[in-house]
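Predicted, not measured: the structure shown is a model, and the values here were computed from it. Atom set for the values below is all heavy atoms of this structure, side chains included, hydrogens, waters and symmetry mates excluded.
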Amino acid sequence: MKASNINKSGMFKIRIFNKEHTCPLKDKVYSQKQLPSNVIGGIIKPKLVDHKRKYTTVDIKNDVKLQLEININYTCAWRAKEKALISLRGIPAGSYMKLPAYLYMMSITYPRSHIQLKKTINDQFLYMFVALGTFIQGFRQCRPVVVVDGSFLRGHIVDTQF
């Protein structure tokens with residue numbers, strides 16, 4: 001069969017149709033069963049609950065082969081793992097959305113702290129600075145130390161005016 005799109009309308013016009021089927025019978029009988037990656041992700045999800053456990057795509061391929069007797073490729077196993085992790089933990093952007101509330105609670109819990117969250121114009125995370133008040137107080141008790149780096153003492157002296 002050959003078909004073409006009609007003026008990008010989403011409808012197709014069949015140009016050539018051949019009723020005779022020429023595929024060998026063995027292709028129909030021995031066809032490979034396939035599972036969508038989100039179904040495989042649902043199957044492997046309990047094994048990803050423990051974040052310390054290493055569960056690789058090769059492990060996923062082997063488990064699917066043992067449990068369901070289906071061969072899947074590396075890409076399908078990788079996508080299944082990604083979908084299962086998103087189902088368990090959510091997307092990373094969701095974690096960044098919780099950051100302002102977390103920093104607010106830190107500023108209440110640790111008074112006299114310097115906490116700053118910087119975002120881009122598009123409201124995307126850029127950087128965060130946290131200096132807890134107890135550490136600031138502790139550094140005030142430290143003895144001042146002057147450190148001189150000796151690497152410039154051997155070379156040409158450049159007169160810099162401040």
Asks: Give me the atom names and distance for the closest heavy-atom approach of Tyr55 to Leu48.
Replies: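 Nearest heavy atoms, Tyr55 then Leu48: CD2-CD2, 3.7 Å.
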Asks: Could you give the distance from OG1 (Thr134) to CZ (Phe139), rounded to the nearest 0.5 Å?
Replies: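 Going from the OG1 atom of Thr134 to the CZ atom of Phe139 covers 10.0 Å.
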Asks: Do Leu88 and Ile40 sit in one hydrophobic cluster, given that two such residues count as connected whenever their side-chain heavy atoms are within less than 4.5 Å of each other, even indirectly?
Replies: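 Result: yes, single cluster for both.
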Asks: When rounded to the nearest 0.5 angstrom, what is the spacing between CG in Leu85 and NE2 in His51?
Replies: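 Here the interatomic distance stands at 12.5 Å.
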Asks: Do side-chain atoms of Ser37 reach the backbone of Ala80 as a donor and acceptor pair under 3.5 angstrom?
Replies: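 Between the backbone of Ala80 and the side chain of Ser37 there is no qualifying donor-acceptor contact (under 3.5 Å).
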Asks: Taking all non-hydrogen atoms of both residues into account, name the closest pair between Met105 and Thr109 and its distance.
Replies: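 That closest heavy-atom pairing would be O-OG1, 2.7 Å.
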Asks: Is the closest basic N to carboxylate O distance between Lys47 and Asp59 below 4.0 Å?
Replies: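 Answer for the salt bridge query: no.
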Asks: Yes or no on side chain to side chain contact (heavy atoms under 4.5 Å, CB included) for Leu132 and Met106, after CA distance, side-chain angles and deciding distance?
Replies: CA-CA 9 Å; Leu132 299 178; Met106 277 183 69; 3.8 Å; yes
Asks: Counting heavy atoms not belonging to Tyr110, are there more than 12 under 6.0 Å from its OH?
Replies: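 Count not over threshold, so no.
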Asks: State yes or no: do Ile70 and Leu66 share one hydrophobic cluster built from I, L, V, M, F, W and Y residues joined by side-chain heavy-atom distances below 4.5 Å, directly or via other members?
Replies: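 Not linked; separate clusters.
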Asks: With the 4.5 Å side-chain cut-off for hydrophobic clustering, are Leu117 and Tyr96 part of the same group?
Replies: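 In one cluster: yes.
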Asks: Is there a side-chain contact between Tyr104 and Ile115 in this structure, where contact means two heavy atoms from C-beta onward sitting under 4.5 Å apart?
Replies: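 The answer is no; the side chains never approach within 4.5 Å.
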Asks: For residues Ile136 and Arg112, report the shortest heavy-atom separation together with the two atoms involved.
Replies: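 Heavy-atom minimum between the residues: CD1-O, 3.9 Å.
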Asks: Can you get from Phe135 to Met128 by hopping between Ile, Leu, Val, Met, Phe, Trp and Tyr side chains that sit under 4.5 Å apart?
Replies: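 Per the 4.5 Å side-chain linkage, Phe135 and Met128 are co-clustered.
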Asks: Would you give the length of the straight line joining atom NZ of Lys118 to atom OH of Tyr127, rounded to the nearest 0.5 angstrom?
Replies: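 Rounded to the nearest 0.5 Å, the NZ-OH separation comes to 5.0 Å.
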Asks: Going by the rule side chain to side chain contact (heavy atoms under 4.5 Å, CB included), which residues pair with Asn73 if we only count those two or more places apart in sequence or in a different chain?
Replies: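 In terms of side chain to side chain contact (heavy atoms under 4.5 Å, CB included), with neighbours along the sequence ignored, Asn73 is linked to Thr75, Cys76.
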Asks: Less than 4.5 Å apart, any side-chain heavy atom of Lys83 and any of Pro36?
Replies: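 Sidechains of Pro36 and Lys83: no contact.
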Asks: Can you tell me how far the CE atom of Met11 sits from the CG atom of Asn5, to the nearest 0.5 Å?
Replies: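 It is 10.0 Å, given to the nearest 0.5 Å.
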Asks: If I compare all heavy atoms of Thr57 with all of Ala77, which pair ends up nearest, and what's the gap?
Replies: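 Where Thr57 meets Ala77 most closely, the heavy atoms are O-CB, 3.7 Å.
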Asks: What's the separation between atom CD in Gln137 and atom OG in Ser113, rounded to the nearest 0.5 Å?
Replies: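 Atom-to-atom, Gln137:CD and Ser113:OG are 10.0 Å apart.
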Asks: Among the clusters formed by ILVMFWY side chains lying less than 4.5 Å apart, do Ile44 and Val49 turn up in the same one?
Replies: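 Same hydrophobic cluster.
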Asks: Could you measure the distance from the CD1 atom of Ile72 to the CZ atom of Arg79? Nearest 0.5 Å is fine.
Replies: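 Here the rounded value is 11.5 Å.
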Asks: Locate the shortest heavy-atom distance separating Ala84 from Lys45; write the atom from each residue and the value.
Replies: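 Reported closest heavy-atom pair: CB-CA, 4.3 Å.
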Asks: Quick check: closest heavy atoms across Ile60 and Lys81, and the distance to 0.1 Å?
Replies: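 So the minimum-distance heavy-atom pair works out to CD1-CB, 3.7 Å.
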